[in-house]
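Below is one structure, written out as structure tokens; the observations come after it.
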Amino acid sequence: MTVALNLLRNARTTARRHERLLQLSQHAGERTDPAPRGDELVQIDEARHRVRLAVDQLPERERQLLMLRAEGYSYREMAIALDINEASIGTLLARAKEAFRHLYEDESDAP
């Protein structure tokens, strides 16, 4: 199951990356956003760290649901990948999001 999920995730990531590269090459002459400043980089790094800590504390199924949703998978695709009833995905995803929010807020409140 994990291997199939990873293969599916890799295929979608590769396709998206290819599409982005094509779009970037078409818009190469357009203005881009300025690079983040040092203090912005620190804030971004801290936020990533808090997200990783929260995600690592989630149960495996909730973590997989959130990752698949973040990567743009439909409820049907998520149900197939995780062998879950498609009608349950919305509820399970809402619970996973709430659990993540709770863990993330606890991490951001920590000293």
Practice item. Using the test salt bridge (charged side-chain N to carboxylate O under 4.0 Å, His left out), find all partners of Asp83 that sit at least two apart in sequence or belong to another chain. Key: none
**Study point:** For Glu86, all residues meeting side chain to side chain donor-acceptor pair (under 3.5 Å), sequence neighbours excluded
**Key:** none
**Study point:** Contacts of type side-chain contact (heavy atoms from CB on, under 4.5 Å), residue Glu62, not counting sequence neighbours
**Key:** Leu58, Pro59, Ala96, Ala99
Practice item. Say whether Leu65 and Val51 are linked into one hydrophobic cluster, either directly or through other cluster members, by side-chain heavy-atom distances under 4.5 angstrom. Key: yes
Practice item. Please check if any side-chain donor atom of His102 sits under 3.5 Å from a side-chain acceptor atom of Asp106, or the reverse. Key: yes
Review point. Who passes side chain to side chain donor-acceptor pair (under 3.5 Å) against Arg69, sequence neighbours left out?
Key: none
Check your understanding: Do Leu66 and Val55 have side chains that get closer than 4.5 Å, going by heavy atoms?
Key -> no
Point to revise | By salt bridge (charged side-chain N to carboxylate O under 4.0 Å, His left out) - contacts of Arg52 (at least two apart) | key: Asp56
Point to revise | Those residues that, when tested against Arg12, pass salt bridge (charged side-chain N to carboxylate O under 4.0 Å, His left out) (two or more places apart) | key: Glu77
Exercise for review: Check whether any side-chain heavy atom of Leu92 lies under 4.5 Å from a side-chain heavy atom of Leu82, and answer yes or no.
Suggested key: no
Check your understanding: So which pairs with a foot in residues 70-100 pass ring pair (Phe, Tyr, Trp, His ring centres under 6.0 Å), sequence neighbours left out?
Key -> Phe100-Tyr104
Check your understanding: Nearest heavy-atom pair of Leu68 and Ala81: which atoms, and what distance?
Key -> CD1-CB, 4.2 Å
Study note, to complete from the structure: In this structure, NE2 of His49 is separated from CD1 of Ile44 (nearest 0.5 Å) by 16.0 Å
**Study point:** Steps toward side chain to side chain contact (heavy atoms under 4.5 Å, CB included) verdict (Ile84, Arg61)
**Key:** CA-CA 10 Å; Ile84 299 172; Arg61 183 172 72 175; 3.6 Å; yes
Check your understanding: Rounded to the nearest 0.5 Å, how far does CZ of Arg48 lie from CD of Gln43?
Key -> 12.5 Å
Revision key, fill the gap. Contacts satisfying side-chain hydrogen bond (donor to acceptor under 3.5 Å, both in side chains) that involve residues 88-99 (not counting sequence neighbours) are Glu98-Arg101
